[in-house]
Each structure stands twice: as C-alpha cells, then as structure tokens.
Number of protein chains: 2
Amino acid sequence: MDNIEQIFGNFLREKGLRHTEQRDIILNAFLEAEGHLSAEDLYIIANGKSPGIGYATVYRTLKLLCKVGIAREVYFDNGKVRYEHKYKHRHHDHLVCIRCGKVIEIFDSKIEEAQDRLAKKNGFIPIKHQLNIFGVCKECRKKK
Amino acid sequence: MDNIEQIFGNFLREKGLRHTEQRDIILNAFLEAEGHLSAEDLYIIANGKSPGIGYATVYRTLKLLCKVGIAREVYFDNGKVRYEHKYKHRHHDHLVCIRCGKVIEIFDSKIEEAQDRLAKKNGFIPIKHQLNIFGVCKECRKKK
DNA sequence: TCCATTATTGAATATGATTATCAATATCAT
DNA sequence: ATGATATTGATAATCATATTCAATAATGGA
Ligand SMILES: [Mn+2]
Ligand SMILES: [Mn+2]
Ligand SMILES: [Zn+2]
Ligand SMILES: [Zn+2]
C-alpha cells in the first residue's frame, strides 16, 4: 500500500522531479542499512552496487529523503552528519559510546514532556530537538 | 583569589606552556563577551584589539580554554563550533530559535535525573550530554 | 515509437571550518 | 643575558559538503 518506494515515487511526481535509477539505488541502500550512516557510508554502499554513482548524487538524494520524511539528520558531533530512518520510526534520543562509537536509541516520555513544558514556559514553539548522551558503554567499561 | 586569569596561568605553568600576550588577549576577549561565540567571532574581537593575532592562535587557545575548564564547546548544528563560559557556570541545555538564532539557556533537574537514569539502565556511564531544542521564539512568532 | 523539453548526473571545482607545517620569534629557567 | 624550546602567524592542507556545467536520461505529448 504505502510502502516507502511508493511514497518516494509520489513525492518525485508531485514535485516534477524524475524517477532515476540512481535515486532508487540510494534509497534502497539506505533502507537496507540499519543504523546511523554518513553520506560517505551511503556512497560506498551505493557506489558498490552501481559503480559510477557519485558523491554529489548521494548528497542530493539524502536531502530529498529528508524532505519526504524517509530520513532524518542526526548530529552526534560536529564531524559528519549522519542519517537514520524516520518513516514509521518514532522520535528518540541517543546514547553514544565515546570509546567504540556504539549508539543506543532511547525514549522517555517524561523527558519529552518536560522539554515541551520548558520550551513553552520560555515562549518557544518547539519544533524538534536532539539529545545526545555521551558515555562509556557496558562492554567498553569491562575492557578496563 | 582564584580568578580565571590565575587559573589559566597555573594551568600553563603546570603544563610547561608559556604565558603569552596573545593567550591573554584571547582569554579576555572570551571572558568579556557573553553568549555562544564561534572561533571566527573571537578572532574578530581579538584581532581587533591586537591586529596580528591570527586564526591559528585563536583556535589553539580555545582548545586550551576547554582543557582548563574555562570554556565549553557547544554544537547547535554541524556548522561551526561555538564556545560558552564554563567556569562557575552550571551545566544547562539550550533553546535555539531557528528564525533569529536567539539562544535561551534552560535547566531542569528532572530532565537531568531522567537522563542519568536512562543511561545507567542501558549500562552506560554518562559523561556529558547536549540537549538542543529548536523552535520559534516569542518575538519571531509575533512577526508572523 | 520518436521528439522535444528539461531535470539529473558525475567529474571537477569551489567553499567553509578547522588543522598542520614551518621558519621566525618570544618566553623562561638558569 | 643566554640557550633551549614553546609559540606565533602566514600559508598550505584537510575534510565534509555544495556548486558548476556539459553530457545524458526521463518524461509527456505528437
Ligand atoms: Mn537513532
Ligand atoms: Mn549556554
Ligand atoms: Zn563502547
Ligand atoms: Zn527568534
């Protein structure tokens, strides 16, 4: 019914954009991969499937995926932007291990509500937020 | 007694680093300025006071100020890094207006506690976190 | 199916933020 | 004051991402 490929196809049609093989390949690379990928990660996968696909097309397509609501940008630090699945994925925050880079997704409705309350108390209309907690994961703690 | 200049001086001595005029100028520019400054902001102020001070020295000194605990890096997005006062400033999070860029500092001990709880529940030792809530501020909302 | 229009692509180049290099200079313990 | 060496600033290098542009491909209509 409303699978993601179809949503992307409709979006392209409505905007007068074109449905290209590259866009499909990049979309599928993104959908098949789990986790929090950088543009470079995606480039390596997509270019592996279809040599010739360039960085520019990957960057451009990721922008589109964000616009349709299939992907979401995540900033763990000020290095590279990462992308995660957004469609039918509830908002969540992140625990990031500073040793091994592992990322755990967390959600706490109390925190979410408190954030909205704080924003409104200060006259803000909250639109989005990102909470990243950096620490040391269980495995890395064991390794001394 | 333990004013910031002194803390910085001790830090330099202990580390075998040298107390230079440039470092003093940049430290004072940082201390006099309020808010969340980028390296460029600091460069403009410091270079205004003492033409000749270069970008490299500003970047290097900001790294030192972070190491001593006088400054703290803040990432509002993946553009430029910003620096805020840390010494004797309690940890806090930020409301950021996506229209005018205004930043409001917020603190809620309930949120802080809930974060620690969540981290520990997942086996993480929390070390630091950043929460940025992006939205539209009261003034920008009025301007339609 | 063929065409014309025009969006898209990939290579190359540009940009913006930050870091590294290095020769000249300044700091500091002696 | 002197010598050892940390620091500086100009410049070049990096890194992630954006832009340019000529060649190509997708689309809707004849
Ligand atoms: Mn996630
Ligand atoms: Mn702040
Ligand atoms: Zn770990
Ligand atoms: Zn505003």
Side-chain angles (χ1 to χ4, degrees), chain A residues 5 8-27 29-30 36-68 71-83 101, chain B residues 5 8-27 29-30 36-68 71-83 101:
Chain A
E5 278 90 350
F8 190 48
N10 291 339
F11 168 81
L12 294 174
R13 208 168 308 113
E14 281 164 20
K15 298 280 182 185
L17 304 177
R18 288 171 187 180
H19 195 165
T20 69
E21 202 179 334
Q22 290 92 328
R23 284 176 175 162
D24 258 356
I25 290 169
I26 294 166
L27 170 59
F30 175 72
H36 305 83
L37 305 172
S38 65
E40 187 187 8
D41 295 335
L42 251 302
Y43 167 78
I44 290 170
I45 300 174
N47 185 274
K49 292 190 183 191
S50 173
I53 286 187
Y55 264 106
T57 304
V58 172
Y59 276 105
R60 289 186 282 230
T61 303
L62 281 169
K63 285 254 175 298
L64 292 177
L65 296 185
C66 288
K67 207 166 285 178
V68 222
R72 170 170 35 213
E73 294 187 335
V74 186
Y75 314 127
F76 287 145
D77 55 50
N78 272 34
K80 35 182 79 170
V81 177
R82 302 194 156 270
Y83 297 85
Chain B
E5 278 91 350
F8 190 48
N10 291 339
F11 168 81
L12 294 174
R13 208 168 308 113
E14 282 165 19
K15 299 279 182 186
L17 304 177
R18 290 172 184 177
H19 194 163
T20 68
E21 201 179 334
Q22 290 91 330
R23 285 176 174 162
D24 258 355
I25 290 169
I26 294 167
L27 169 60
F30 174 72
H36 306 82
L37 304 172
S38 64
E40 187 187 9
D41 295 336
L42 251 302
Y43 167 78
I44 290 169
I45 299 173
N47 185 273
K49 292 190 183 191
S50 172
I53 285 188
Y55 264 105
T57 303
V58 172
Y59 276 104
R60 290 187 281 231
T61 303
L62 282 169
K63 285 253 176 297
L64 291 178
L65 296 185
C66 288
K67 207 166 287 178
V68 221
R72 169 168 37 212
E73 295 189 332
V74 186
Y75 313 127
F76 288 145
D77 56 50
N78 273 33
K80 37 181 80 171
V81 177
R82 303 195 154 268
Y83 297 84

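Chain A is the first sequence line, chain B the second, and so forth, proteins listed ahead of strands; every chain is numbered from 1. All figures in this text were calculated on a predicted structure; none of them were measured in a lab.
- Distance from the side chain of Arg23(B) is smallest for dT8(D) among the nucleotides dT8(C), dT18(C), dT8(D).
- When every heavy atom of Val58(B) is checked against every heavy atom of Ala39(B), the shortest pair comes out as CG1-O, 3.7 Å.
- Remark: Leu37(A) CG to Glu40(A) CD distance equals 11.5 Å, nearest 0.5 Å.
- With sequence neighbours left out, Leu65(B) forms a side-chain contact (heavy atoms from CB on, under 4.5 Å) with Phe8(B), Leu27(B), Phe30(B), Thr61(B), Leu62(B), Ile70(B), Ala71(B).
- One atom, CG of Asp77(A), and another, P of dA16(D), lie 11 Å apart when rounded to the nearest Å.
- Under the side chain to side chain donor-acceptor pair (under 3.5 Å) criterion, the residue pairs touching residues 48-58 of chain A are Glu32(A)-Lys49(A), with sequence neighbours excluded.
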For residues 17-25 of chain B, dump all side-chain donor-acceptor pairs below 3.5 Å to protein atoms at least two apart in sequence or in another chain.
{"residue": "His19(B)", "atom": "NE2", "partner": "Asp24(B)", "partner atom": "OD1", "Å": "3.1"}
{"residue": "His19(B)", "atom": "NE2", "partner": "Asp24(B)", "partner atom": "OD2", "Å": "3.2"}
{"residue": "Thr20(B)", "atom": "OG1", "partner": "Arg23(B)", "partner atom": "N", "Å": "3.2"}
{"residue": "Arg23(B)", "atom": "NH1", "partner": "Arg18(B)", "partner atom": "O", "Å": "2.7"}

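- In this structure, Glu14(A) atom CD and dT27(D) atom C1' are separated by 17 Å, rounded to whole Å.
- Residue order along DNA chain D, read from the 5' end via each residue's closest nucleotide, puts Gly16(B) first among Gly16(B) and Ile53(B).
- Residue Lys80(A) contributes atom NZ, which lies 14 Å from atom P of dA18(D) at whole-angstrom precision.
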**Trace of the side-chain contact (heavy atoms from CB on, under 4.5 Å) decision for Tyr83(A) with Leu42(A)** = CA-CA 9 Å; Tyr83(A) 297 85; Leu42(A) 251 302; 5.8 Å; no

Check: protein-nucleotides 19-24 of chain C nitrogen or oxygen pairs below 3.5 Å:
{"residue": "dT19(C)", "atom": "OP1", "partner": "Lys63(B)", "partner atom": "NZ", "Å": "3.4"}

Dump the pairs, protein N or O against N or O of nucleotides 24-26 of chain D, anything under 3.5 Å, distances to one decimal.
{"residue": "dA26(D)", "atom": "N3", "partner": "Arg18(A)", "partner atom": "NH1", "Å": "3.2"}

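- Note on the helix from dT1(C)-dA30(D) to dT30(C)-dA1(D): angle between the axes of the first and last five pairs equals 30°, rounded to 10 degrees.
- Distance, Asp41(B) CG to dA17(C) P: 11 Å, rounded to whole Å.
- Two residues are said to be in side-chain contact when any heavy atoms from C-beta on lie closer than 4.5 Å; Arg72(B) and His36(B) fail this criterion.
- Going from atom CG of Asp24(A) over to atom P of dT9(C) covers 11 Å, rounded to whole Å.
- Salt-bridge formation is not detected for the pair Glu73(A)/Arg82(A): no Lys NZ or Arg NE/NH1/NH2 atom is positioned less than 4.0 Å from an Asp or Glu carboxylate oxygen.
- When the C1' atom of dT8(C) is taken as reference, atom CG of Leu64(A) falls 11 Å away, rounded to whole Å.
- In this structure, Arg82(B) places its CZ atom 14 Å from C1' of dG16(C), rounding to the nearest Å.
- Taking 4.5 Å as the limit, every side-chain heavy atom of Tyr43(B) sits out of range of all side-chain heavy atoms of Ser38(B).
- Using modelled atom types, one side-chain atom of Asn47(B) and one backbone atom of Ile53(B) make a donor-acceptor pair closer than 3.5 Å.
- Rounded to whole Å, the distance from CZ on Phe11(A) to C1' on dA7(C) is 14 Å.
- Put simply, the side chain of Asn78(B) never gets that close to the backbone of Tyr75(A): no donor and acceptor are under 3.5 Å apart.
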